[in-house]
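Heads up: numbering here begins at 1 and tracks the sequence. We count ligands from 1, going down the list as the structure has it; atoms in each ligand are counted the same way.
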Amino acid sequence: MNILLTGGSGYIGSHVAVSLAEKGYGAVLLDNLTNSTADVVSKIEEITKQRLALVVADVRDTATVRAALRAHDVSAVIHLAGLKAVGDSIEKPIEYYANNVQGTISLLQAMQAESVKMLIFSGSATVYGLPQYLPLDEHHPTGATNPYGRSKLQVEEILRDLVRSDSNWRVASLRYFNPVGAHESMRIGEWPRSSPTNLLPIIMQVATGRLSELQVFGNDYETIDGTGVRDYIHVSDLAEGHVATLDYLHQNSGWHTFNLGTGKGYSVFEVLGAFERVSGRKIPYKVSQRRPGDVAACYANPAQALAKLNWQAQRDLVEMCSSAWGFAQSDCVK
Ligand code: NAD
Ligand code: UD1
């Protein structure tokens with residue numbers, strides 16, 4: 001059974017492709033390569049020992065997406081393509097809505113035309129806005145504080161309307177918490193093409209000498225040590241969550257949302273400490289102002305994913321840090 005992965009050569013998509021192959025699904029990648037490179041295909045092939053197709057195209061190119069759905073006899077789509085930097089989205093909102101919202105609409109038009117009605121969407125915990133209680137379950141009210149977050153919420157609304165209009169659709173939005181780490185082979189992982197803004201990629205750049213120090217955004221939050229707490233999840237666990245969701249959608253039609261997180265939060269200093277232990281490197285840091293838009297703590301209640309998908313995260317913070325570090329030191333990173 002073939003699955004089309006839009007944004008498939010990106011960080012999360014490449015790991016999802018590996019997990020799909022492990023479970024006997026065929027993966028077809030479609031990506032415009034704005035934030036990834038085609039050589040990831042050979043890395044995935046090395047890991048899975050299976051051939052993989054990459055269609056280089058924009059998800060808004062409906063004709064090409066339709067042709068790909070037909071040519072590869074695709075039965076479901078995992079839609080990861082999109083732009084994801086919060087700061088950029090504030091500066092370039094139209095680009096974000098064009099990629100993330102218009103991109104999804106174009107994809108849905110292609111899917112509808114080809115009668116492919118099973119979809120997993122890369123959602124985000126950012127749709128919960130400012131946490132009103134913790135841990136965050138799927139019933140927590142939604143809200144967004146920036147164009148990136150609003151684009152994710154708008155897509156969820158569109159998908160909900162679509163499912164209401166036609167009961168043949170089977171759609172899930174997976175609300176990712178903080179994906180980190182790399183595949184155990186260390187052949188694929190996260191190495192942003194532009195300046196990273198997330199914690200672990202920045203720590204990697206300090207560890208490899210590309211940045212001189214980490215700025216810790218605030219140490220006066222009401223948390224265990226004053227620094228921000230997040231639910232970091234190993235990208236391979238996250239990828240396996242997609243396969244579990246595909247299996248679920250084969251049994252269940254309609255609209256579904258699932259948190260993909262571990263349920264456990266770690267502070268910036270806890271992540272820093274774990275990374276230093278794993279790598280044996282000292283990471284210089286300076287405490288600076290809180291980052292605008294940041295919350296003190298954000299972590300998932302992952303109970304629904306366990307109950308319905310029979311999925312839960314397996315890998316711990318040490319594995320997250322050691323795989324990320326292994327990848328950062330590998331010849332895959334230039
Ligand atoms: P990524 O940038 O590594 O991957 C996204 C891929 O989509 C890239 O390869 C890029 O080239 C491609 N792409 C972008 N716009 C496209 C378009 N219009 N047409 C075709 N391809 C396009 O990012 P990622 O971390 O793998 O994220 C994947 C998805 O998960 C995104 O939708 C993102 O918003 C979501 N998400 C990511 C995180 C995270 O922390 N990484 C957290 C929550 C949600
Ligand atoms: C950020 C985004 C969020 C997005 C998520 C995953 C913001 C405000 N939020 O969330 O919308 O869904 O990434 O892509 O950008 N930190 C530092 N120094 C740094 C970087 C981060 O101290 O240089 C701290 C942050 O204050 C936070 C933690 O590290 O407490 C994690 O930050 P980050 O990796 O950016 O993730 P989020 O803030 O959860």
Side-chain angles (χ1 to χ4, degrees), residues 5-16 29-38 40 55-61 64-65 78-90 95-96 98-100 102-104 106-107 121-129 144-146 148-149 151-152 155 173-180 189-203 205-206 211 213-219 221 223 227-233 235 238-239 260 265-269 271-272 285-299:
L5 272 60
T6 73
S9 50
Y11 171 46
I12 297 170
S14 53
H15 290 81
V16 174
L29 314 186
L30 184 138
D31 204 297
N32 66 1
L33 304 182
T34 51
N35 200 35
S36 55
T37 50
V40 77
V55 180
V56 178
D58 195 290
V59 75
R60 288 165 289 183
D61 177 352
T64 303
V65 175
I78 301 181
H79 179 36
L80 305 113
L83 303 179
K84 60 169 183 175
V86 172
D88 263 9
S89 80
I90 296 168
E95 212 176 299
Y96 270 68
N99 261 277
N100 296 3
Q102 197 178 325
T104 305
S106 302
L107 170 68
F121 172 62
S122 290
S124 170
T126 197
V127 300
Y128 295 121
T145 53
N146 54 68
Y148 168 70
S151 75
K152 290 288 174 193
V155 168
S173 177
L174 300 181
R175 294 170 174 171
Y176 308 157
F177 280 69
N178 291 59
V180 294
E190 182 173 31
W191 197 256
R193 292 174 108 187
S194 49
S195 308
T197 55
N198 293 123
L199 179 64
L200 217 65
I202 290 176
I203 291 179
Q205 299 231 333
V206 177
L211 289 175
E213 64 181 8
L214 166 74
Q215 281 189 59
V216 175
F217 295 142
N219 64 353
Y221 286 109
T223 59
T227 64
V229 165
R230 297 290 184 275
D231 187 338
Y232 299 95
I233 173 169
V235 65
L238 190 83
L260 293 189
Y266 287 104
S267 73
V268 174
F269 283 153
V271 174
L272 201 57
Y285 73 87
K286 189 173 74 192
V287 175
S288 63
Q289 295 286 317
R290 290 181 177 192
R291 181 172 62 179
D294 266 0
V295 297
C298 174
Y299 48 93

Within the side chain of [X], is there an N or O that forms a donor-acceptor pair under 3.5 Å with the backbone of [Y]?
X: Ser14; Y: Tyr11; answer: yes
X: Asn100; Y: Leu83; answer: yes
X: Thr6; Y: Leu80; answer: yes
X: Asn146; Y: Val86; answer: no
X: Asn198; Y: Leu200; answer: no

Review point. Do Lys84 and ligand 2 have an N or O pair less than 3.5 Å apart?
Key: no
Nearest-neighbour protein heavy atom for [atom], which is reported as residue plus atom name and distance:
atom: atom 10 (C) of ligand 1; result: Asp31 OD1, 3.3 Å
atom: atom 33 (P) of ligand 2; result: Asn198 ND2, 3.4 Å
atom: atom 24 (P) of ligand 1; result: Lys84 NZ, 3.7 Å
atom: atom 3 (O) of ligand 1; result: Tyr11 N, 2.9 Å
atom: atom 17 (C) of ligand 1; result: Asn32 ND2, 3.2 Å
atom: atom 28 (C) of ligand 1; result: Leu80 O, 3.4 Å
atom: atom 30 (O) of ligand 2; result: Gly228 CA, 3.4 Å
atom: atom 19 (C) of ligand 2; result: Phe217 CE1, 3.3 Å
atom: atom 18 (N) of ligand 1; result: Asn99 OD1, 2.7 Å
atom: atom 9 (N) of ligand 2; result: Val86 CG2, 3.8 Å

Check your understanding: Where does the angle between the aromatic ring planes of Tyr148 and Tyr96 fall among parallel (under 30°), tilted (30 to 60°) and perpendicular (over 60°)?
Key -> perpendicular
Please could you name the atoms of ligand 2 that [X] approaches to less than 4.0 Å, counting only its heavy atoms?
X: Val216; result: 22 (O)
X: Asp294; result: 8 (C), 25 (C), 26 (O), 38 (O)
X: Ser124; result: 12 (O)
X: Gln215; result: 17 (C), 18 (N), 19 (C), 22 (O), 23 (O)

Ligand 2 versus [X], non-hydrogen atoms closer than 4.0 Å: side chain, backbone, both, neither?
X: Thr126; result: side chain
X: Val268; result: side chain
X: Tyr232; result: side chain
X: Asn178; result: side chain

Ligand 1 and [X], any nitrogen or oxygen pair closer than 3.5 angstrom?
X: Ser124; result: no
X: Tyr176; result: no
X: Ile12; result: yes
X: Pro179; result: no
X: Leu30; result: no
X: Lys152; result: yes

Practice item. Tell me which one of Gly82, Ala57, Gly7 gets a heavy atom nearest to atom 14 (C) of ligand 1. Key: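 The nearest heavy atom belongs to Gly82.
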